[in-house]
Structure formats: C-alpha cells, structure tokens
There are 2 protein chains.
Amino acid sequence: MFDMEPEVLERFTWYMREQSALTIMFHTKVAEQMGLSATDEKCLDLAMRADGPLTAGRIAELSGLSTGAVTGVIDRLERAGFVRRVRDPHDRRKVLVEVTAGDLAKFAHLFEKAQQSLVQVLSRFDPDEIEVIERYLQLQIETFRKAVINT
Amino acid sequence: MFDMEPEVLERFTWYMREQSALTIMFHTKVAEQMGLSATDEKCLDLAMRADGPLTAGRIAELSGLSTGAVTGVIDRLERAGFVRRVRDPHDRRKVLVEVTAGDLAKFAHLFEKAQQSLVQVLSRFDPDEIEVIERYLQLQIETFRKAVINT
DNA sequence: TCGAACATCTTAGCCGCTAAGACAATTCCT
DNA sequence: AGGAATTGTCTTAGCGGCTAAGATGTTCGA
C-alpha cells in the first residue's frame with residue numbers, strides 16, 4: 001500500500017520494544033501487589049479474558065506450563081479467593097476454573113492509575129485521530145497474534 | 001482537550017490488555033528459543049536498551065531482583081556468551097555488564113517475523129496517519145512510564 | 001590511616017517448575 | 001455391554017532459581 005522510510009520502521013521498533021519492557025514491569029508490579037507470583041497472575045488473566053470458564057488443562061496449554069504446575073497455580077489462586085474449582089458436569093474428569101468476580105474488585109485501584117493515564121493520553125486526540133489509532137491497534141493486535149501463535 | 005464516549009475508553013482498555021497478554025507470551029517464547037529463562041532475557045533486554053553498560057547493582061534495581069539473583073543471571077548470560085563482566089576501572093568494586101553484540105545477531109531471526117508484521121501493519125497507513133500513531137505511541141509510552149515507575 | 005559505607009559474591013533454605021506416573025472418568029471397539 | 005485405550009487432573013521426586021544474610025574486597029571521609 002504505502003511505502004515507508006527505514007527510519008519510521010526503526011522508530012516503531014523502538015516503540016514496540018519500549019512498550020514491551022514497560023508492560024512486563026507493570027505486570028510484575030500488579031502481580032506483586034495482588035500477592036501473587038507473575039505466573040499466577042498470568043493464569044488469572046487468562047481465565048478472566050476467556051469467554052467461559054477454562055479447564056485446568058486449557059490453562060496449561062495457553063500458559064505453556066505443565067499440568068502439574070497448573071494444579072499448584074489453581075491451588076494458590078483458589079486459596080487467595082480469586083477462583084473456584086468446579087467439576088464439569090458433562091465430563092467429570094475436567095476441572096473448570098471459575099473466576100469469582102467479587103474479590104477482584106478489591107484490586108481495581110491498581111489499574112486506576114493506568115486507566116487515568118490512558119484517558120489523559122486519549123484526550124489529546126480528536127475523534128478522527130482516535131479512529132486512526134484504533135484501526136492501528138486492532139490491526140497490530142490481530143497481526144501480532146497470528147505471528148506469535150504460529151511461532 | 002477532547003471529550004470521549006465511555007465506549008472508546010472501554011475499547012482502548014481492551015486493546016491495552018490484549019497487547020499486554022500478547023507481549024508477555026511473545027517475551028516467554030523469545031526467551032525460550034534463546035535458551036534463557038524469562039528472567040535472564042528480561043535482564044539482557046535491560047542491558048541492551050541502556051545507554052552505556054549497566055552495573056550488576058543497577059540491574060538488580062531495574063529488574064527488582066536481589067543482588068544475589070543478579071549474580072546468577074550474569075553468570076548464565078556470560079556462560080551463554082551474551083554479555084561480559086568488566087570491572088569498572090574507576091571503581092573496582094563495580095562490575096560492568098557489557099553486551100557482546102556478536103552473539104545477539106544469531107537471534108535476529110526471532111524478531112524478524114515480528115518486524116515483518118509491523119511492516120505489514122504500517123503499510124496500511126498513509127504518512128499523515130503514521131504521524132498520528134507515532135504521536136500516540138510516544139505519549140502513551142511516556143505517560144505510562146511515569147505511572148508505572150511511581151507506583 | 002582506620003572505620004564506615006558500598007558493590008558484588010557466596011551460601012542456606014525455600015518454593016515453584018518439570019517429568020513421570022497414579023488415579024479417575026470417558027470413549028472406543030468389538 | 002464390557003474391557004482396553006484415551007483423556008484430564010493430581011501427586012511426587014528432583015532440580016534450579018530466588019531471597020536474605022553474611023563474607024569479601026574496594027572506596028571514601030575524618
């Protein structure tokens with residue numbers, strides 16, 4: 001479609017890298033403040049972002065952990081009150097991990113500062129510009145997902 | 001500056017979250033393929049993104065690890081040929097961690113697919129739109145860094 | 001010059017992870 | 001239907017990285 005000077009790509013690469021590093025730091029901090037390990041928080045996030053409840057095995061697949069490790073993760077998350085084990089009535093071998101919404105509200109304040117930053121940033125762009133940015137983010141996420149998952 | 005419908009914020013929050021999750025997965029995969037733990041790769045990234053060589057202690061601060069853990073990290077990175085320990089000539093207590101550029105080139109291909117995705121995404125935007133997106137990313141990174149670091 | 005402060009390394013103990021196998025439920029095949 | 005193979009989760013042993021505390025070597029100030 002459009003050509004691009006190499007400097008543009010170079011700058012965007014830097015943005016990506018910087019964003020990555022910040023994301024990982026943020027992730028670490030959030031986990032810490034919730035009293036969880038980064039691994040546990042990562043699995044909790046998977047469970048929250050999923051459509052329905054995930055099974056233990058699916059969490060293992062998505063997180064890249066062994067099933068044994070996931071047993072431990074769920075134990076800790078359950079003990080901390082973030083999730084609940086429910087046996088799947090249609091296949092009683094399976095364990096469904098239900099996120100208990102209640103306890104999560106306690107940690108909303110952790111994301112409030114991030115949310116506020118976002119509002120502040122977005123206020124600097126008019127509706128047309130917002131539309132461009134959204135298109136970029138959507139495309140970037142979609143493309144990156146394909147690239148990451150098939151690696 | 002500009003007002004915003006709540007749905008816009010909601011959508012952007014979702015983008016951020018999705019990007020975070022993908023970033024963390026990507027980071028895990030890259031580390032794995034380099035034969036490093038996520039922790040080691042994170043520290044290597046810190047060392048690479050810094051202006052000059054970092055000291056071991058500074059890496060501990062930036063990564064949130066204990067100094068003892070950082071000793072282990074540097075041991076492994078050094079053994080794998082990614083970095084080199086150099087004693088600071090001005091203060092011989094300090095250990096400077098120099099990234100040895102050579103061995104890193106071997107892993108460029110890991111980022112190639114990500115780079116290609118980026119080019120593909122950017123080709124869908126004209127120069128004016130690119131400018132908007134860059135302004136957004138710069139602002140977002142800057143604002144987020146302040147929010148994260150002072151938490 | 002000597003003691004305090006500093007930077008890194010070492011060590012002990014803990015905890016999470018992997019791999020392998022146990023156990024329970026389900027599906028398949030005849 | 002009934003036994004074997006498969007599937008999903010949990011248990012366990014062993015390994016390795018992390019923290020905290022203290023050891024070692026270096027610098028700085030009085």
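Quick note on labels: first sequence line is chain A, next is B, and so on, each numbered from 1. Because the structure is predicted, anything quoted here is derived from the model rather than measured.
- Here the P atom of nucleotide D/dT24 and the CZ atom of B/Arg87 are 15 Å apart, to the nearest Å.
- Here the P atom of nucleotide C/dT8 and the CD atom of B/Glu78 are 14 Å apart, to the nearest Å.
- The pair A/Lys29-A/Glu32 does not meet the salt-bridge criterion, since no charged nitrogen lies less than 4.0 angstrom from a carboxylate oxygen.
- Remark: P of D/dC10 and CG of A/Asp75 are 7 Å apart, rounded to the nearest angstrom.
- In this structure, CD1 of B/Ile74 is placed 12 Å from P of C/dT10, rounded to the nearest angstrom.
- Taking only side-chain atoms of B/Arg76, from C-beta outward, the nucleotide of D/dG17, C/dT8, C/dC17 with the closest atom is D/dG17.
- In this structure, the ring of A/Phe144 has its center less than 6.0 angstrom from the ring center of B/Phe26.
- Nearer the 5' end of DNA chain C, as judged by each residue's closest nucleotide, is the contact made by B/Ala56, out of A/Gly68 and B/Ala56.
- Counting only heavy atoms from C-beta on, B/Thr39 has its side chain closest to D/dC18 among C/dT8, D/dT11, D/dC18.
- Using a 4.0 Å cut-off, no side-chain N or O of A/Arg58 falls inside it from OP1 or OP2 of D/dT9.
- Rounding to whole angstrom units, CG of residue A/Asp91 and P of D/dT7 are separated by 12 Å.
- Heavy-atom nearest nucleotides on DNA chain C were determined for B/Gly72 and for A/His90, and the one closer to the 5' end corresponds to B/Gly72.
- Put simply, CG on A/Asp40 is 14 Å from P on C/dC15, counting in whole angstrom units.
- In this structure the side chain of A/Val97 never reaches within 4.5 angstrom of the side chain of A/Thr55, judged on heavy atoms.
- Taking the six-membered ring where the residue is Trp, the centroids of A/Phe82 and A/Phe107 are separated by under 6.0 Å.
- Proximity of B/Ser37 to the phosphate of D/dG17: no side-chain N or O atom is located under 4.0 Å from OP1 or OP2.
- Between A/Arg85 and D/dC10 there is a side-chain N or O to OP1 or OP2 distance below 4.0 Å.
- Across all strands shown, B/Ala69 has heavy atoms under 4.0 Å from base atoms, whether or not it also approaches the sugar-phosphate.
- A salt bridge is absent between A/Asp88 and A/Arg93: the closest approach of a Lys/Arg side-chain nitrogen to an acidic carboxylate oxygen does not fall below 4.0 angstrom.
- Taking atom CG on B/Leu54 and atom C1' on C/dT8, their separation rounds to 15 Å, with Å as the unit.
- Here the P atom of nucleotide D/dT26 and the CG atom of B/Asp88 are 13 Å apart, to the nearest Å.
- Looking at the side chain of A/Leu65, the nearest of the listed nucleotides C/dC17, C/dT8, D/dT9 is C/dC17.
- Within the structure, a side-chain polar atom (N or O) of A/Arg92 is placed less than 4.0 Å from OP1 or OP2 of C/dA25.
- You won't find any donor-acceptor pair under 3.5 Å spanning the side chain of B/Arg93 and the base of D/dT27, going by distance alone.
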